[in-house]
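Remarks on the structure that follows.
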Amino acid sequence: MKEVLLSTIKAAGALVKEGFSQEFEISHKDGINNLVTTIDKASEELIVHTIKAHFPDHGFVGEEFGNENEDAEYKWIIDPIDGTVNFAHRVPLCCVSIALARNEEVIMGAVYNPMMNELFFAEKGKGAFLNDQPISVSAKSTIQNAFLVTGFPYHFPETKVHPVDIFAKIVKQGFPVRRLGSAALDLCWVACGRFDAFWEFNLQAWDIAAGYLLVEEAGGKVTNFSNQPYTIWDKESLATNKVLHEDMLQLLFS
Ligand code: IPD
Ligand code: CA
Ligand code: CA
């Protein structure tokens with residue numbers, strides 16, 4: 001399964017990289033500026049087709065073509081391009097994200113940014129890697145110096161405090177906060193210590209599942225906003241280097 005995961009994500013990444021400098025069609029999904037391109041669809045088709053050829057009994061949760069064989073023991077959770085709005089505007093901050101869950105538990109995850117040639121991989125209990133080199137979360141222990149990243153959904157959920165108000169509150173306190181436009185990369189960049197924490201409201205399983213395992217296997221922590229361990233059906237996500245987890249919950253919600 002690891003071999004299939006890695007060869008498939010490399011092939012999908014090559015397709016995305018090639019598509020980046022070619023003509024493609026863009027269409028709108030529901031929400032505001034929620035885009036999809038012909039390359040997103042081609043990438044998901046390639047991934048599902050390749051994995052199905054190896055594992056015909058497995059299930060799929062894919063962003064563009066939906067779910068298949070959902071009750072299967074093994075499920076592949078696929079974001080064919082995470083960072084589609086970047087991609088559609090030729091901004092090279094995007095990736096392919098594929099996770100493998102067994103009975104709803106993520107056991108493997110890979111995230112590949114073909115533009116930077118960065119392939120992140122993690123396997124449950126076996127560590128996290130960037131281009132085959134072990135990675136770990138940052139060692140930062142003071143929230144005042146934290147370097148943060150977040151994202152905004154296409155649909156704003158009904159929350160007690162609006163995500164933009166939380167963002168404004170934190171920026172006004174002087175924290176450096178970035179918004180890259182790819183939740184999967186945000187999580188991987190926490191995993192390799194570039195960022196100290198990431199949070200976002202209203203994500204989908206395909207945005208988080210692989211990046212979640214990267215962060216945890218790199219020594220970090222991922223929970224929902226109630227500090228409960230991540231499950232693949234959680235929509236909200238807080239990922240940190242673990243040391244700053246409680247401080248981040250305080251910063252966001254107090
Ligand atoms: C989006 C990106 C973005 C995040 C959005 C996601 P997409 O995924 O991860 O960073 O803020 O919430 O939906 O549409 O590029 O696959
Ligand atoms: Ca996504
Ligand atoms: Ca996507």
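These values consider heavy atoms only, across backbone and side chains, with no hydrogens, waters or symmetry-generated copies. Ligands are counted one by one from 1 in listed order, and the atoms in each one are counted from 1 as well.
- Less than 4.0 angstrom separates some heavy atom of F152 from each of these atoms of ligand 1: 5 (C), 11 (O), 12 (O).
- Of all N/O/S atoms in D207, OD1 sits nearest the Ca ion (ligand 2).
- Those atoms of ligand 1 with a heavy atom of R179 less than 4.0 angstrom away are 3 (C), 10 (O), 11 (O).
- Its N, O or S atom nearest to the Ca ion (ligand 2) is what matters here, and for D79 that atom is OD2.
- D40 and S43 share no side-chain donor-acceptor pair at under 3.5 Å.
- Side-chain rings of F253 and F225 approach one another, their centers coming within less than 6.0 Å.
- In this comparison of D207, L180, N34, the heavy atom closest to atom 6 (C) of ligand 1 sits on D207.
- Looking at S97 and D82, their side chains never bring a donor and an acceptor atom within 3.5 Å of each other.
- Remark: ligand 1 and N202 share no N or O pair separated by less than 3.5 Å (distance only, no angle test).
- The S182 neighbourhood of ligand 1 comprises atoms 9 (O), 10 (O), with distances under 4.0 Å to a heavy atom of that residue.
- Under the 4.0 Å criterion applied to side-chain N and carboxylate O atoms, E104 and K75 are assigned as salt-bridge partners.
- With a 4.0 Å heavy-atom cut-off, ligand 1 is reached by the backbone of I81 but not by any atom from C-beta on.
- Using a 4.0 Å cut-off to heavy atoms of L203, the atoms of ligand 1 that qualify are 12 (O).
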